[in-house]
S.K.: 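Dropping the structure in here first, questions after.
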Amino acid sequence: MVAAEQLLADDFVLSSTGGVGEQVTRGAWLETLGEIDTRSLRCDVREVRVFGDTAVVHARLRWDATLGERDLTGEYAVADVFTMRGESWRASWRISVRL
């Protein structure tokens, strides 16, 4: 949980179709993380583009997980938007679509 708190920007939003929720704020996502049972997670980064103090990462995730009774297992197309905050990159937005 500490790692997620350090990685996520204060304005972080998860926009997810077929996953955890349509629009999930940073606080709600951090609360939900403790409830997710992740058995495995594989990430295949397809491309990274940097535009000044903003970076976009395009990836495919293979996630084996549940949230209570809800099965989240599947393949996801993901775009993560990072912004430079001081000396470090922080995640501001994840757009996730379950394929």
Side-chain angles (χ1 to χ4, degrees):
M1 185 73 73
V2 173
E5 289 175 345
Q6 292 174 347
L7 178 66
L8 302 180
D10 292 340
D11 62 351
F12 174 81
V13 174
L14 167 66
S15 301
S16 178
T17 302
V20 173
E22 298 257 339
Q23 293 282 24
V24 182
T25 64
R26 180 184 192 272
W29 179 236
L30 290 171
E31 286 179 27
T32 302
L33 281 176
E35 300 172 25
I36 297 174
D37 178 21
T38 297
R39 292 171 293 282
S40 68
L41 177 63
R42 188 180 76 231
C43 179
D44 176 22
V45 174
R46 302 287 177 94
E47 186 174 6
V48 177
R49 303 272 317 263
V50 178
F51 307 94
D53 63 353
T54 302
V56 179
V57 178
H58 168 227
R60 284 282 179 100
L61 301 180
R62 177 71 185 145
W63 195 20
D64 181 6
T66 54
L67 175 58
E69 297 295 316
R70 187 164 178 212
D71 187 8
L72 300 173
T73 299
E75 189 167 339
Y76 293 79
V78 174
D80 285 319
V81 178
F82 289 85
T83 50
M84 180 63 80
R85 304 287 166 105
E87 298 292 317
S88 62
W89 290 99
R90 307 278 304 272
S92 292
W93 189 17
R94 168 167 279 183
I95 305 160
S96 173
V97 177
R98 188 175 187 177
L99 302 174

S.K.: If you compare all heavy atoms of S96 against all heavy atoms of Y76, which two are closest, and at what distance to 0.1 Å?
M.R.: OG-CD2, 3.4 Å

S.K.: Tell me, please, which residues at least two apart from T54 pass side chain to side chain contact (heavy atoms under 4.5 Å, CB included).
M.R.: V81, T83

S.K.: Can you list everything that forms a side chain to side chain contact (heavy atoms under 4.5 Å, CB included) with A9? Sequence neighbours excluded, please.
M.R.: D11, R85, R90, S92

S.K.: Do L33 and F12 land in one hydrophobic cluster if side-chain heavy atoms of ILVMFWY residues count as linked below 4.5 Å?
M.R.: yes

S.K.: Is there a path from L67 to V24 through hydrophobic residues (I, L, V, M, F, W, Y) whose side chains come within less than 4.5 Å of each other?
M.R.: yes

S.K.: Rounded to the nearest 0.5 Å, how far apart are CG of L14 and CZ of R26?
M.R.: 13.5 Å

S.K.: Taking only residues two or more places apart in sequence or in another chain, which ones pass side chain to side chain contact (heavy atoms under 4.5 Å, CB included) with Q23?
M.R.: V13, S15

S.K.: Taking only residues two or more places apart in sequence, or in another chain, which ones meet R94 in a side chain to side chain donor-acceptor pair (under 3.5 Å)?
M.R.: D80

S.K.: For D37, enumerate each residue passing the side chain to side chain contact (heavy atoms under 4.5 Å, CB included) test, keeping only those at least two apart in sequence or located in another chain.
M.R.: R39, T66

S.K.: To the nearest 0.5 Å, what is the distance between CH2 on W63 and CG on D71?
M.R.: 10.0 Å

S.K.: Less than 4.5 Å apart, any side-chain heavy atom of R62 and any of T73?
M.R.: yes

S.K.: Tell me whether W93 at atom CH2 has more than 12 heavy atoms from other residues, nucleotides or ligands lying less than 6.0 Å away.
M.R.: no

S.K.: Membership question, hydrophobic clusters at under 4.5 Å side-chain separation (ILVMFWY): are L8 and L41 in the same one?
M.R.: yes

S.K.: Donor-acceptor pairs under 3.5 Å, side chain of residues 42-53 to any protein atom, not counting sequence neighbours: which ones?
M.R.:
unit_1	atom_1	unit_2	atom_2	d
D44	OD2	R46	NE	2.9

S.K.: Give a yes or no on whether L61 and W29 share a hydrophobic cluster (residues Ile, Leu, Val, Met, Phe, Trp, Tyr; joining criterion: side-chain heavy atoms under 4.5 Å apart).
M.R.: yes

S.K.: Cluster question for you: counting only ILVMFWY and a side-chain heavy-atom cut-off of under 4.5 Å, with indirect links fine, are W89 and V57 together?
M.R.: yes

